[in-house]
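See below for the structure under consideration.
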Protein chains: 2
Amino acid sequence: MASISVNDVAAAAGVSVGTVSNVLNRPDKVSPGTVARVRAVISDLGFVRNDAARQLRAGRSRSLGLVVLDVANPFFTDLARGAEARASEEGLSVLLGNTDDNCAREAAYLDLFEEQRVHGVLISPLGDISERLTLLRSRGTPTVLVDRQTEDHSFSSVAVDDVAGGRLAAQHLVDIGRTRIAFVGGPSNIRQVIDRLQGAREAVAEHPLASIDVVDTDALSVLAGRAAGQQILDRAPGERPDAIFAANDLLAIGVLQALNMRGDLLVPRDIALIGYDDIAFAAAAVVPLSSIRQPSALIGYTAVDLLLREAEGGDAFEHEHIVFQPELVVRESTGA
Amino acid sequence: MASISVNDVAAAAGVSVGTVSNVLNRPDKVSPGTVARVRAVISDLGFVRNDAARQLRAGRSRSLGLVVLDVANPFFTDLARGAEARASEEGLSVLLGNTDDNCAREAAYLDLFEEQRVHGVLISPLGDISERLTLLRSRGTPTVLVDRQTEDHSFSSVAVDDVAGGRLAAQHLVDIGRTRIAFVGGPSNIRQVIDRLQGAREAVAEHPLASIDVVDTDALSVLAGRAAGQQILDRAPGERPDAIFAANDLLAIGVLQALNMRGDLLVPRDIALIGYDDIAFAAAAVVPLSSIRQPSALIGYTAVDLLLREAEGGDAFEHEHIVFQPELVVRESTGA
DNA sequence: AAAACTAAGTGAATCGTTTCATTTCGGTTG
DNA sequence: CAACCGAAATGAAACGATTCACTTAGTTTT
């Protein structure tokens with residue numbers, strides 16, 4: 001059951017291992033007859049290259065790591081798709097690591113990827129891990145932040161202006177005449193949540209009549225949204241907001257489910273609702289959801305592209321910060 | 001910039017490489033003082049194990065491959081989550097490969113996983129690739145089919161009885177008095193689609209008044225569902241079905257979007273609609289979607305478990321076929 | 001015909017970790 | 001005190017693909 005190696009192939013084909021390797025990697029350097037003979041032996045013997053040996057020799061693997069907050073969030077799967085598209089153009093594959101907002105898992109994936117000597121790491125980081133990332137980079141693994149920048153701009157990044165997005169959302173709520181706005185989101189160590197809230201605060205601050213309060217959640221999921229919605233329903237009627245800005249669409253959908261279960265509170269009549277990300281399901285929600293659209297696949301594509309350029313450029317590479325602008329999408333949940 | 005190896009660590013700590021390796025893998029075999037010293041050097045020098053070298057030596061990698069039809073489908077991300085849960089209990093990681101219903105990509109991932117000498121492969125196969133899988137297994141990579149069985153039961157599998165699920169769905173539509181049923185699904189080389197349709201046909205056959213026709217789609221996505229919905233709307237009113245069974249929830253949501261855009265056809269009044277998978281978004285749809293629930297995370301968890309047992313047992317292992325029963329979930333889209 | 005190329009092929013060295021047969025040494029036993 | 005023991009540590013061999021300096025043989029050039 002011992003696996004077939006280049007040696008076995010070489011022996012069976014009556015050539016040297018070097019030639020087998022050349023057939024595999026530079027067939028043009030080998031005479032056509034030999035190529036054919038070696039190829040025949042390869043398929044006869046069922047030889048399969050051992051990637052570990054290749055990598056060991058090459059020093060680097062042919063994949064890159066992508067660490068995201070939540071694979072169940074379509075925003076991230078879209079992003080992953082975009083990343084994979086660019087990576088496969090270079091013959092690289094993408095390893096997907098899912099942290100579920102958990103710092104320990106985030107650290108574990110970074111360790112794993114570093115041990116695998118991945119070509120580079122794309123990460124949508126949780127807390128402040130710039131130290132860990134600096135270490136990673138100093139040991140030779142280029143790193144690009146997605147959907148986030150560090151304070152000191154020391155890492156290349158591809159992001160969407162979340163403050164602007166938050167502003168767009170809250171401004172829109174104010175524009176349709178709402179004044180008592182609730183921001184549903186958390187946990188509050190997630191940058192995206194912080195920025196979107198900040199943007200919303202800025203927009204609200206410009207309107208003397210409008211106010212905003214925060215309903216904290218412990219995840220950015222449908223379930224957490226449902227809990228937040230319930231919490232809002234439990235308030236005395238006078239205490240309830242007339243608009244809700246959810247930090248992402250999953251939360252918004254959860255909130256919507258909670259409100260709907262109740263029945264007497266209508267969206268948008270009593271409470272307007274806007275989400276964030278504009279995932280495919282937003283348009284299909286009970287009440288089609290207004291949202292802030294981000295070019296998710298493009299972010300992934302661009303991030304890999306930037307990563308490759310950074311890898312190419314080495315230490316000399318000037319870190320780049322690409323920022324996309326979000327876009328307001330109005331649907332019934334905030335409509336007439 | 002050359003990376004630090006066990007040799008460097010050994011030299012700096014004044015021990016042999018064997019001892020460094022023991023500190024890494026069997027610290028109890030090394031005296032406490034030495035362990036501490038070596039560990040200190042490791043963190044000083046920033047030594048990171050080279051996984052490729054480990055794997056080369058070990059002969060197998062510490063990950064397993066999961067090949068799915070569509071990462072954008074929450075059913076598969078839930079399944080992946082379950083798989084990861086079981087895998088991480090054994091210290092294994094899961095590599096996710098997304099085929100997008102594309103045979104070439106499926107083959108590419110199998111090649112990749114085989115070159116990586118993964119511990120095993122979980123696959124939700126597209127066409128008939130039992131030959132390829134037999135080869136894979138014969139070379140020592142255990143394989144478990146998820147969400148699918150081969151005709152000859154020669155592979156272990158964890159699946160849901162899709163025929164029963166199709167029957168449940170169609171029976172339910174008939175039970176609420178619908179007779180002109182449209183099945184929306186495709187492409188027709190996907191087993192799940194075939195089985196669900198067959199189940200539906202069986203249920204319909206028992207009712208003399210009921211009939212079923214098929215609206216073929218080229219993918220199992222929201223977009224494809226929208227196109228199918230449009231196609232149904234384009235028919236003359238008399239030709240339209242009074243119920244639609246979509247092969248999965250993504251399609252159902254797409255169909256729903258198309259019907260809703262039109263406005264004069266109401267779900268469920270004019271057309272009842274049922275999906276399949278019961279993804280989290282089904283309950284949150286414009287009209288909350290009836291669906292067939294599958295224990296997605298459990299499938300993934302069980303599949304990895306089975307894979308591990310198969311790996312353990314070697315060739316002697318008796319292939320197992322675990323079949324879960326699906327469950328009807330009734331919501332408004334087929335309700336009163 | 002000698003010198004200078006080129007194309008094709010060779011095979012030893014290399015990558016970094018793990019393993020295992022072996023050595024070292026302080027302590028215990030008969 | 002010789003013989004033995006176990007714990008701790010050693011270091012060479014192995015894993016399998018790739019690389020590169022080198023040979024061989026055949027073709028041009030002058």
Side-chain angles (χ1 to χ4, degrees), chain A residues 1-39 41-42 45-62 91 111-112 114-119 139-141, chain B residues 1-39 41-42 45-62 91 111-112 114-118 139-140:
Chain A
M1 187 45 94
S3 122
I4 312 290
S5 78
V6 277
N7 279 294
D8 304 320
V9 174
V15 296
S16 73
V17 288
T19 301
V20 176
S21 178
N22 281 333
V23 169
L24 257 21
N25 303 303
R26 298 176 214 78
D28 49 304
K29 296 276 165 214
V30 181
S31 76
T34 310
V35 170
R37 191 152 36 94
V38 171
R39 291 228 169 106
V41 170
I42 284 178
L45 262 45
F47 165 78
V48 176
R49 250 195 183 116
N50 185 324
D51 204 48
R54 285 187 93 186
Q55 279 186 36
L56 173 57
R57 189 66 236 258
R60 287 244 146 245
S61 95
R62 295 161 38 54
D111 287 348
L112 180 67
E114 194 169 6
E115 289 189 1
Q116 313 229 76
R117 300 290 192 274
V118 292
H119 230 77
R139 295 187 196 125
T141 305
Chain B
M1 184 49 90
S3 125
I4 311 290
S5 78
V6 276
N7 279 295
D8 305 319
V9 173
V15 297
S16 74
V17 288
T19 300
V20 176
S21 177
N22 281 334
V23 168
L24 256 22
N25 302 303
R26 298 178 216 75
D28 49 306
K29 296 275 165 213
V30 181
S31 75
T34 311
V35 170
R37 192 154 35 95
V38 171
R39 289 226 169 108
V41 171
I42 285 179
L45 261 46
F47 165 77
V48 176
R49 249 191 179 120
N50 185 323
D51 203 48
R54 282 188 96 185
Q55 280 186 36
L56 174 57
R57 188 65 236 257
R60 287 245 146 243
S61 95
R62 301 173 60 273
D111 288 348
L112 180 68
E114 194 168 5
E115 290 188 0
Q116 313 228 73
R117 301 289 193 273
V118 291
R139 293 186 197 128

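Since the structure is predicted, the reported quantities are computational estimates derived from the model, not experimental observations. Quick note: numbers below take in every heavy atom, side chains included, and nothing from hydrogens, waters or symmetry partners. Below, chain A is the first sequence line, B the second, and so on; all start at residue 1.
Considering only the side chain of A:Ala53, D:dA17 comes nearest among C:dT17, C:dT10, D:dA17. The side chain of B:Ser21 lies closest to C:dT18, out of C:dT10, D:dA17, C:dT18. Side-chain atoms of B:Thr19 lie closest to D:dA9 of the nucleotides D:dA9, D:dC15, C:dT17. Comparing atom distances between the A:Val17 side chain and each of C:dG11, D:dA9, D:dC15 picks out C:dG11 as nearest.
The shortest non-hydrogen separation linking B:Ala53 to A:Leu56 is CB-CD1, 3.8 Å. Closest of all the heavy-atom pairs between A:Ser16 and A:Ala10 is C-CB, 3.7 Å. Closest heavy-atom contact between B:Ala12 and B:Leu45: CB-CD2, 4.1 Å.
Contact check, B:Ser5 against C:dG16: no side-chain N or O comes under 4.0 Å of OP1 or OP2. Contact check, B:Ser16 against D:dT10: a side-chain N or O comes under 4.0 Å of OP1 or OP2. B:Arg49 has a side-chain polar atom (N or O) that falls below the 4.0 Å cut-off from OP1 or OP2 of C:dT18.
Using modelled atom types, no side-chain atom of A:Arg60 and backbone atom of A:Gln55 make a donor-acceptor pair closer than 3.5 Å.
Counting only heavy atoms from C-beta outward, the side chains of B:Val23 and B:Arg39 approach each other to under 4.5 Å. Side-chain contact between A:Val6 and A:Phe47: present, with at least one pair of heavy atoms (C-beta onward) separated by less than 4.5 Å.
Within 4.0 Å of A:Val30, counting heavy atoms only, lie sugar-phosphate atoms of the nucleic acid but no base atom. Nucleic acid contact class of B:Arg54 (heavy atoms, under 4.0 Å, all strands): sugar-phosphate only. A:Asp51 comes within contact range of no nucleotide atom at all, as no heavy-atom separation falls under 4.0 Å. Within 4.0 Å of A:Arg26, counting heavy atoms only, lie sugar-phosphate atoms of the nucleic acid but no base atom. No contact: A:Val20 has no heavy atom under 4.0 Å from any strand. Counting non-hydrogen atoms under 4.0 angstrom, B:Ser31 reaches the backbone sugars and phosphates but no base.
Between the CG atom of A:Asp8 and the P atom of D:dG16 there is a distance of 8 Å, rounded to whole Å. Distance, A:Ile4 CD1 to D:dA17 P: 10 Å, rounded to whole Å. Atom CZ of B:Arg57 is separated from atom P of D:dG16 by 10 Å (rounded to the nearest Å). We find that CG of A:Leu24 is positioned 11 Å from P of D:dT19, with the value rounded to whole Å. For the pair A:Arg37 CZ and C:dA8 P, the computed distance is 14 Å after rounding to whole Å. In this structure, A:Lys29 places its NZ atom 12 Å from P of C:dT6, rounding to the nearest Å. Per the geometry, CG belonging to A:Asn7 stands 9 Å off P belonging to D:dC15, to the nearest Å. Whole-Å rounding puts the B:Asn50 CG to C:dC15 C1' distance at 8 Å.
The residue among A:Asn25 and B:Thr34 whose nearest nucleotide of DNA chain D is located toward the 5' end is B:Thr34. Nearest-nucleotide mapping onto DNA chain C: of B:Ala52 and B:Gly18, the residue sitting toward the 5' end is B:Ala52.
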